[in-house]
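A, B, ... follow the sequence lines: proteins, then strands. Residue 1 opens every chain.
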2 protein chains.
Amino acid sequence: MERKAVSLRDVAAVAGVSVSTVSKVLRGQGKASDATRKRILAAAERLDFQPNALGQFLAQGRSATIGILAENAPGTFTMPVLTGATTAFGERDLSVLVYDSHLDRTVVAATVRKLKARKVDGLLVIGDGSGSDMHSVSEGFSVPVVYAYGISDDAHDPSFMHDGFLAGRLAGEHLLGLGRTRIAHITAAPSDLSAKARADGLRAALDEAGLPLVLGQPLSGDWTREWGIRAARRLLESGERFDAVFCGNDTIAAAVQDVLRESGRRVPEDVAIVGMDNITGLSGQHDGLLTTIDPNLTELGAVAARYLADAIEGGEYEGGVHTIPCTLIPGESTGALPRSAGSVAA
Amino acid sequence: MERKAVSLRDVAAVAGVSVSTVSKVLRGQGKASDATRKRILAAAERLDFQPNALGQFLAQGRSATIGILAENAPGTFTMPVLTGATTAFGERDLSVLVYDSHLDRTVVAATVRKLKARKVDGLLVIGDGSGSDMHSVSEGFSVPVVYAYGISDDAHDPSFMHDGFLAGRLAGEHLLGLGRTRIAHITAAPSDLSAKARADGLRAALDEAGLPLVLGQPLSGDWTREWGIRAARRLLESGERFDAVFCGNDTIAAAVQDVLRESGRRVPEDVAIVGMDNITGLSGQHDGLLTTIDPNLTELGAVAARYLADAIEGGEYEGGVHTIPCTLIPGESTGALPRSAGSVAA
DNA sequence: CTGTTAGCGCATTCAT
DNA sequence: ATGAATGCGCTAACAG
């Protein structure tokens, strides 16, 4: 179905010139008389010539492939990062060689060898978003290395992270903007850096407004629905008045909402709720019910990928943490969206 | 940080033999005396030799890279398929060049040229799961082409799809096994082939048990929450008795559950509900609330990828639709899971 | 301006 | 059993 591929030599033969001339002209390099240039272009066109990338790569010592080292590729939040990066690389005609380290150090070592053998032009390390730092592997490579959805423990490495602080701040400002003044925060333990960032952001917004956090500090547990339920009850039992809750993730938010309604509070009339992660949006089926913060993970992956692609082409390559802005998605849980057909109480 | 790469020639020099001998020995081909073999292996070891893949590829005319053509890469359901495929290829040391066609025909044409120039060893086309067939691009290639999450309109092509029929059947059998006998079905229009497959599967399970579908046929609309709400009301107003509802997706299931509870029905006591997609699981946070069917999309992508990888190595390569089994995830909405801490009504 | 000559690193006949 | 020679397809440095 596909005849023998046509090579530079074929084009040269037809155009009646040398191979190297064809190479130059086809790449717009050096000078060539208009006459021969036209002949060459015509010949290339007629033969439907396409340079064999393998030949180019060998000659140029590059591979046009990027190594990707994922700590946990099939992870829910890793997937969008990976997808974003992968397609962004594709747009630059860069292929990717993906290895899943399963968080295993020995696997990483073996993988690094393979990546070098493949002469990857760059490396993208994708973390699992947990606040803990990632072990830098950059010094093992002579090509640019970029970290995404995790922060390298070597400050010389460029790392890309979603902006948890901004998330907390956006949540806070949104609630304050709606006139809420007694805001509580239910989230995971602050030892989890991403929980801490969100809490700090919220606190910043409250400080600016001169308001305290209800209970003085976040209700800290873990990321589960179970914790969300327990924490919501604890909040109710505390007797403190509150008119809003910012939850560390959407799972907790859903749990809190269930408990509050069960207890007779109306959402959003009595209590407004903001979540984080936009998982229903991630599921492609945002239903407009829950106000939440989207960390824009696909974008995160894409931005990191483009940065790496640029670095490979000689662009700037600075260490430090680059932060990707997140977005507030309005929903009915803060009354930010008009009651729609999506609401059961029509 | 990384000295000049060591080549076959370097090893040959150290071992005091010719390049071609080293090449053979290192790849276990042909015969060589034990003496020289040892010397060569020792030299390679000492120099930490790793063959430059680019050289191998050029010489062998292969690229160890797979082209991936996605109709809609960032799509919710495409992501797991892509991730599964990508990491499966990685396990075989195959890199992937991903292009997102955005469902645009002209983009596809341009892309095909690029893929050929890169001398891809195979092509994986990823659809968007909508029942409609995908336009085959296989005849443009001389390498194996496999279709995933979509079915090629050319029966000679191998396509991999989740098993919607099985999904409906599993849902039906699960409900029947729980003693439910009056089962309704709320889903999208049957013109959507994936909606039809699920409906057919459910019908098969009911037929086997000699039971009719409540209302005689599915309540058919679309995949949205709004439709779920309307359909649930319609079901209630019909006056028909029912003790279970199989919903075409989880969004509809959530909507139906809300409406039923609003109307005073208890879930699962009065009505059991089964969804489809396992989106909360996809979100990494399955909360055990909703019984649903997981289409195993990551696995789908991985299986298709391995099939393609095998085909490239000369394995069998048959056309036709290969089906990936789905899995029922028990939850509280059918009482299949003991009431846990996840339940609000503790 | 254009052609010649060398590689890039490896695999693969074909001699020896 | 081993080595010399050739080619994969392209780029690049140097001549003419």
Which nucleotide span of DNA chain D, 5' end to 3' end, has atoms closer than 4.0 Å to non-hydrogen atoms of chain A?
-> dG9(D) to dA12(D)
Check: F141(B) and V112(B) side chains under 4.5 Å, non-hydrogen atoms = yes
Which pairs, with at least one residue in residues 103-115 of chain A and sequence neighbours excluded, count as a side-chain hydrogen bond (donor to acceptor under 3.5 Å, both in side chains)?
-> D104(A)-T106(A), R113(A)-D48(B), K114(A)-D93(B)
Going through the distances and angles, do T78(A) and I126(A) end up as a side chain to side chain contact (heavy atoms under 4.5 Å, CB included)?
-> CA-CA 8 Å; T78(A) 306; I126(A) 301 182; 3.8 Å; yes
Is the side chain of D100(B) donor-acceptor paired with the backbone N or O of A73(B) at a distance under 3.5 Å, no angle test?
-> yes
State, with a plain yes or no, whether a side-chain heavy atom of H102(B) is found less than 4.5 Å away from one of V107(B).
-> no
Letter per nucleotide, 5' to 3', of nucleotides 9-16 of chain C [B base touched, S only sugar-phosphate touched, - untouched; heavy atoms, 4.0 Å] | BBBB----
D310(A) and R92(A): CA distance, side-chain angles, deciding distance, salt bridge (charged side-chain N to carboxylate O under 4.0 Å, His left out) verdict | CA-CA 10 Å; D310(A) 287 342; R92(A) 309 281 281 254; 2.6 Å; yes
Partners passing ring pair (Phe, Tyr, Trp, His ring centres under 6.0 Å) against Y307(A) (at least two apart in sequence or in another chain) | F160(A), H322(A)
Could you point out which residue of L97(B), V146(B), V137(B) forms a side-chain contact (heavy atoms from CB on, under 4.5 Å) with L123(B)?
-> V137(B)
Going by atom types only, do T65(B) and R118(B) share a side-chain donor-acceptor pair under 3.5 Å?
-> no
When the C1' atoms of the five terminal pairs at each end define the local axes, what inter-axis angle does the helix from dC1(C)-dG16(D) to dT16(C)-dA1(D) show, to 10 degrees?
-> 50°
For Y149(A), check ring pair (Phe, Tyr, Trp, His ring centres under 6.0 Å) against everything at least two apart and list the hits.
-> H162(A)
